[in-house]
2 protein chains.
Amino acid sequence: MIETVVRGEDTKQAILDAAENLFGEQGYSATSMRSIVAAADVNLAAIHYHFGSKEALLEAVLDRRGKLLEHERFELLSRFEAGAGGKGPEIEQILEAFLAPAIRLTRDPSGGGRRFVQLVGRLLGEPGEGFRKAFTQQFGPTVARFGAALERALPGTLKEELFWKMFFSAGAMAHTLRSAGLVRALSDGLCDDSDGEMVLKRLIAFLAAGMRAPLPVIGPIQGS
Amino acid sequence: MIETVVRGEDTKQAILDAAENLFGEQGYSATSMRSIVAAADVNLAAIHYHFGSKEALLEAVLDRRGKLLEHERFELLSRFEAGAGGKGPEIEQILEAFLAPAIRLTRDPSGGGRRFVQLVGRLLGEPGEGFRKAFTQQFGPTVARFGAALERALPGTLKEELFWKMFFSAGAMAHTLRSAGLVRALSDGLCDDSDGEMVLKRLIAFLAAGMRAPLPVIGPIQGS
DNA sequence: GTCTATACCACGATAGAC
DNA sequence: GTCTATCGTGGTATAGAC
């Protein structure tokens, strides 16, 4: 006779922890729900009871830390805005407000924060209308808020040019975040990303230069 | 009585075409072999006969266009090197030699080239020791060749700093390539990437600025 | 409300007939 | 070279125990 132990919220959190780790390590599609319930030591059907589906579980994983991440980013940006007087914060400060909370998550001793960051970085590149919607919903307000800040920091930049700069930057940022902890292997031992502050400062310097660079305008507006 | 038709090489190419399209559209893990054989109108076991496994099929897809892509990149870089005399090509030219052949593939009328480029861009972010090995094998020589060219174009740059610049650039490039044809949707109609030359020039300008920017050096080497 | 057992169909892979 | 049959595992769904 197997005893039925009612754990309630514990079960939910155990599933979220296991899913965060496995999704971050192996990617969403490559992770099976059976491996998640095995790691969490719960029954297979518990996922469907608490979340409904694999995709809904992913959204719950994103939600758990995503709200806090968004709050920290807004908080930091607001602090920089307050300290900059009327002219708004510098580009470097805007980038720092966006990146520092994410990089800090990378150093979470439990490893869960790093896995979460890797997962988000990978999701930006994954196709499937399914969770592009969830992704936009999660990070849309952040993109809007930081886009507005960048627009003020780069006077005279067309909306279209700013989009491309943010687009290129998103690629570099996502690549850096999803590779968290793997740089030593990727660079054959040449480099290391264990010093998060170092990675942060270098990424900011790289992106700020690109943000300030004038992008060529093609077409009848400028001619050749 | 169903007739057995022997198609030989046709079957192999049909599978490669279908796999390229579906891997590029949906990603590797999310694409089932059954959907591939349905699109190619061949039997399920044909994949295993011609390629051996799903992962081997992926490598075959990468191989088919990858060799030509590498050749075009090397060719372009060599031409720039020949035209630059003893001092080597400019950063912009090196980036163009790397990116232009890939962007041009994006405009392939059949759509296969675009799907291939999307696939490669996505693979850079996917985990799994499995095809990181295949990926390195496919693009290792290219990275080495272009890294050497960049090193000469950026005198006085430490190997470590150069790695990070190439690392950030790889993220931006992969993001741009894997989003080929999706920018209109991603930007809510604000921008479009149907003009490949425009995307190319803007990406090069963005990256060249980052490449030239001095990255902060942390640690005892420079102090604060 | 919480959890278990179990069944369902699609998946990647393989063996062997033709 | 091609096909069918089959294996173990994947995501999903539900009935019912507690």
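In what follows, chains carry the letters A, B, and so on, assigned in the order in which the sequence lines appear, proteins first and then strands, with residues in each chain numbered from 1.
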Residues in salt bridge (Lys or Arg N to Asp or Glu O under 4.0 Å) with B/K54, at least two apart?
none
May I have the distance from B/F51 (atom CZ) to C/dG12 (atom C1'), rounded to whole angstrom?
16 Å
Within this structure, what is the NZ-to-C1' distance between A/K12 and C/dC3, rounded to whole angstrom?
15 Å
Can you give the donor-acceptor pairs under 3.5 Å from side chains of residues 33-45 of chain A to other protein atoms, not counting sequence neighbours?
{"unit_1": "A/S35", "atom_1": "OG", "unit_2": "A/S32", "atom_2": "O", "d": "2.7"}
{"unit_1": "A/S35", "atom_1": "OG", "unit_2": "A/S32", "atom_2": "OG", "d": "3.3"}
{"unit_1": "A/N43", "atom_1": "OD1", "unit_2": "A/A45", "atom_2": "N", "d": "2.9"}

Closest non-hydrogen atom pair between A/T31 and A/Q26, with its separation:
OG1-OE1, 3.3 Å
Can you pull the side chain to side chain donor-acceptor pair (under 3.5 Å) pairs that have at least one residue in residues 177-191 of chain B, sequence neighbours excluded?
B/H175-B/R178, B/R184-B/D192
For each nucleotide in nucleotides 7-15 of chain D, reading 5' to 3', give B when a protein heavy atom comes within less than 4.0 Å of its base, S when such contact involves only the sugar-phosphate, and - otherwise.
---BBB-B-
Sequence neighbours excluded - ring-ring contact (aromatic ring centres under 6.0 Å, His included) pairs with any residue from residues 15-44 of chain B:
B/F23-B/Y28, B/Y28-B/F131
Under 3.5 Å donor-acceptor pairs involving side-chain atoms of residues 91-98 of chain B, not counting sequence neighbours:
{"unit_1": "B/E92", "atom_1": "OE1", "unit_2": "B/R212", "atom_2": "NH2", "d": "2.9"}
{"unit_1": "B/E92", "atom_1": "OE2", "unit_2": "B/R212", "atom_2": "NH1", "d": "3.0"}
{"unit_1": "B/Q93", "atom_1": "OE1", "unit_2": "B/E90", "atom_2": "N", "d": "3.1"}

Is any side-chain nitrogen or oxygen of B/T11 closer than 4.0 Å to OP1 or OP2 of D/dG1?
no
Does A/H50 place a side-chain N or O at less than 4.0 Å from the phosphate oxygens OP1/OP2 of C/dG1?
no
Select from A/A46 and A/Y49 the residue whose nearest nucleotide in DNA chain C is closer to the 5' end of that strand.
A/Y49
